[in-house]
Amino acid sequence: MSSHSAHATAGHPAALLHQFDTADQQKDASTLGMWLFLITEIMFFGGLFIAYIVYRNAYFDSFVAASHTLNIPLGTFNTTVLICSSLTMAMAVHSAQVGNRSRIVLFLVLTLILGAAFLGVKVIEYADKFEHHHVPGPSFQFTEGGNPKNAELFFSLYFGMTGLHALHMIIGAGILLVLIFNASKGWYTPEYYTPVEMFGLYWHFVDIVWIFLFPLLYLLGGHLPPGSGGH
Amino acid sequence: MSTAIESKETRNYLNAGYDLKSWLLTLDHKRIGLLYLFSISFFFLLGGLFAVGIRLELLTPPGDLFQSETYNKLFTMHGIIMVFFFLIPSIPAVIGNFLIPIMIGARDLAFPRLNLLSWYVFMVGGTLAISAALMGGIDTGWTFYTPYSSTYSNSNVMVTAVGVFITGFSSILTGLNFLVSIHRMRAPGMTWFRLPLFIWAHYATSLIMVLGTPVVAVTILLVGVERMFRIGIFDPALGGDPVLFQHLFWFYSHPAVYIMILPALGVMSEIISTFTRREVFGYKFVAFSSVAIAVLGFLVWGHHMFVSSQSVYASLVFSIITYLVGVPSAIKVFNWLATIYKGSVSFGTPMIYAFGFIGLFTVGGLTGLFLAAMGLDVHVHDTYFVVAHFHYIMVGGAIMGYLGAIHFWWPKMFGRMYPEVPAKTAAWLVFVGFNFTFFPQFLLGYLGMPRRYHQYPEEFQIFNVMSSIGASVLALGYALPVFYLVWSLKKGEIAGANPWGGTGLEWKTPSPPPTENFEETPVVTEPAYSYHKEEFELVKS
Ligand SMILES: [Cu+2]
């Protein structure tokens, strides 16, 4: 088929795949696919958010007490780091749009560094939980108020939600490495930078999840003195 | 490679390559559809074998064939294999994969690699489920209710849960691929309201796959984490709430029933219009009723929890919304009947499945309304009435639809006709066997026989024996097609591009279709099912 072989000429990633008629159609399909993927992610995290909200209402005092033990300065720092990384990611996409190869690489590397910084801080926070026996399991202890069993539930959800979020960051870091490698070879041009743009959507999504996690886990009920009970 | 092929055979997707690699690494949606066909047929056989165990045990009132634990494992494995590894992928992954790109006039789905990945993901999940069965099975029921599944069961919950979790992603990938393809890959002139209703049905199905599956995935993940680390999300002993599991589980698993039935509803519209040579009556109503079923389906999950400490007001709302699902379902049935009425009906095998489907789906749907009534549900909750109801939908509906679809598009897939006489015989065996199997279960349930027990009082024996005999007839009806369909691959009559005189794009390309589906991209100029016009012109000339 003549129209067919014309598509499949180069091994270049920008080449039009055979099922598409135009580059625009190909890009539109990728974008819609990415948004749909992000919607599935929202539903995935949604189950955990629902569980958290249900138990926070049921065991309000214990959840507030447990929330008080989280390190708000570190959480705030991490929030800032992530917002900055969203900015550098947006800059990387912009650089791809205007075709500045070295700046794509620069901003992708900056995004990777900020992501790594976030994960590093998370490690410090997790280590702190281990020290204080705040990790759910046989050695769990909680003396800061409320019912220890319910505080354990809080920490189960804390580790579940932030852990799943961190997993998304780690996967993102892996993809970033690939993007950096490809960008340095000059694969991304103003005509074709779909992977950078799609990864940008993913990265912003992961940031937004944290924007919800941070107040939910760290801040809500922070004005209440520990063990005061709001209900 | 094409030069090596005998010149008399035209180039098509089947002879594009014969080695294993050309199948296992194929990006062609049609070949991937066939990969799914073989795999799910295997799972269907496996799930059926577990059912044989169940029906044998229930021949006699005492639990004399299997111990109660073994029996629990039999019905659990039957449910899990049939639901997650046969029914959910059946029509979408086989027929949908094969037909959606062709019906919308595209060369392939939007993401062929993702499509192949979804099959591999499915096989990994399936392998885990099978290995769980080999390691001794699982006994939680297909619903994985907590805290039994998360804390107390000593069977292979972890392996099975991981298998189901992984398989969920194949469903998500398929749904995502369909949605993007239907949005972005339609041929010129193929507007939304010219799409075949099969496509509308799959659009609605895909919405459920994409929105619902992640929720059950995270729920099963939580069960797994709870089992491994002894945290108490669902375990009341640890402060958790087992009813939360039920909410999360049914948020997906009620809509999952529509993943199974909506594609079959789409198949029916295609078969009925083709075999009556009429446009589907009320096209837009039928199209939107698919979407309405998908949307409403997300708002009714609480009808599974009338006796699970749910507040009576919540139950009331869930009950009313469940009744509302009856409206779009009835719209479909009435529109089909209106299509058949005064159509020139021909009784090919697919049409026999279609008639069977309409009857069984109606019975299944109406008994669903019984179950949505709070008072009656308390009486028949967890009885064989429920079992009969959902088998009327999932077996009477979904599998009749699947078999109808296989027969209807078999000539397209392989270029050969199936033999009509054995096919009609099988269709009748399925219909009669099905009713013999499951109608007595309505009576059993109404009389109070609970589900999931391997023994029962003597007065229930007559119905159980009927059910087991019916199941044997049903099994025969399911086995027959394997033989004559395989036979037809070599010996069947050559089908030609359009054996049924259908109007869809899939009938405008050779059978079997070439790898890129069409010689050149088709341009669509008229609505789906424009039969009248065609025949009118025929009369004129
Ligand atoms: Cu339901």
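Below, chains carry the letters A, B, ... as their sequence lines are ordered, and counting in each starts from 1. This structure is a prediction, so every number in the text was calculated from the model and none was measured.
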Let's test your reading of the structure: which of A:Phe37, A:Phe155, A:Tyr59 forms the most heavy-atom pairs below 4.5 Å with chain B?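 Top count of heavy-atom pairs under 4.5 Å with chain B: A:Tyr59.
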Does a side-chain heavy-atom distance below 4.5 Å link B:Trp301 with B:Tyr252?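 Not touching, per the 4.5 Å side-chain cut-off.
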Would you check if A:Leu220 and A:Ser67 make a side-chain contact, meaning some heavy-atom pair closer than 4.5 Å?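 A side-chain contact under 4.5 Å is absent here.
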Against chain A, label [X] side chain, backbone, both or neither, depending on which of its atoms sit under 4.5 Å from a heavy atom there.
X        : result
B:Pro514 : neither
B:Phe245 : neither
B:Ala237 : backbone
B:Leu176 : both
B:Leu221 : side chain
B:Leu211 : both
B:Leu238 : both
B:Leu173 : neither
B:Ala106 : neither

Proximal component of [X], with respect to chain B [non-hydrogen, under 4.5 Å]:
X        : value
A:Asp28  : both
A:Phe159 : neither
A:Leu32  : both
A:Leu36  : both

Between B:Glu516 and B:Arg11, does any side-chain N to carboxylate O distance fall below 4.0 Å?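 The answer is yes: the pair qualifies as a salt bridge.
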Electrostatic pair B:Lys30:B:Asp108 at N-O distance under 4.0 angstrom: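 The answer is no: the pair does not qualify as a salt bridge.
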Do other residues, nucleotides or ligands put more than 12 heavy atoms under 6.0 Å from A:Phe212 CZ?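 No, because the 6.0 Å sphere around CZ of A:Phe212 holds 12 heavy atoms or fewer from other groups.
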Give the intermediate values and the outcome of salt bridge (charged side-chain N to carboxylate O under 4.0 Å, His left out) for residues A:Glu125 and A:Lys122. CA-CA 5 Å; A:Glu125 283 191 79; A:Lys122 212 70 221 154; 3.3 Å; yes
B:Arg31 side chain to B:Ser22 backbone, donor-acceptor under 3.5 Å: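 Side chain of B:Arg31 to backbone of B:Ser22, a donor-acceptor pair under 3.5 Å: yes, one is there.
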Any donor-acceptor pair under 3.5 Å linking the side chain of A:Gln25 with the backbone of B:Arg184?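 At least one qualifying donor-acceptor pair exists.
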Using the salt bridge (charged side-chain N to carboxylate O under 4.0 Å, His left out) rule, take B:Arg107 and A:Asp21 through it: C-alpha gap first, then chi angles, then the decisive distance, then the call. CA-CA 9 Å; B:Arg107 284 185 286 276; A:Asp21 289 324; 2.7 Å; yes
Taking the six-membered ring of A:Tyr192, is the NZ or CZ of A:Lys27 close enough (under 6.0 Å from the centre) and on axis enough (within 45°)?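 No.
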When B:Met185, B:His183, B:Arg230 are compared by non-hydrogen pairs under 4.5 Å with chain A, the top option: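 Winner by heavy-atom pair count: B:Met185.
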Among the listed options B:Asp241, B:Val225, B:Thr219, the residue most often paired with chain A at heavy-atom distances under 4.5 Å: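 Winner by heavy-atom pair count: B:Asp241.
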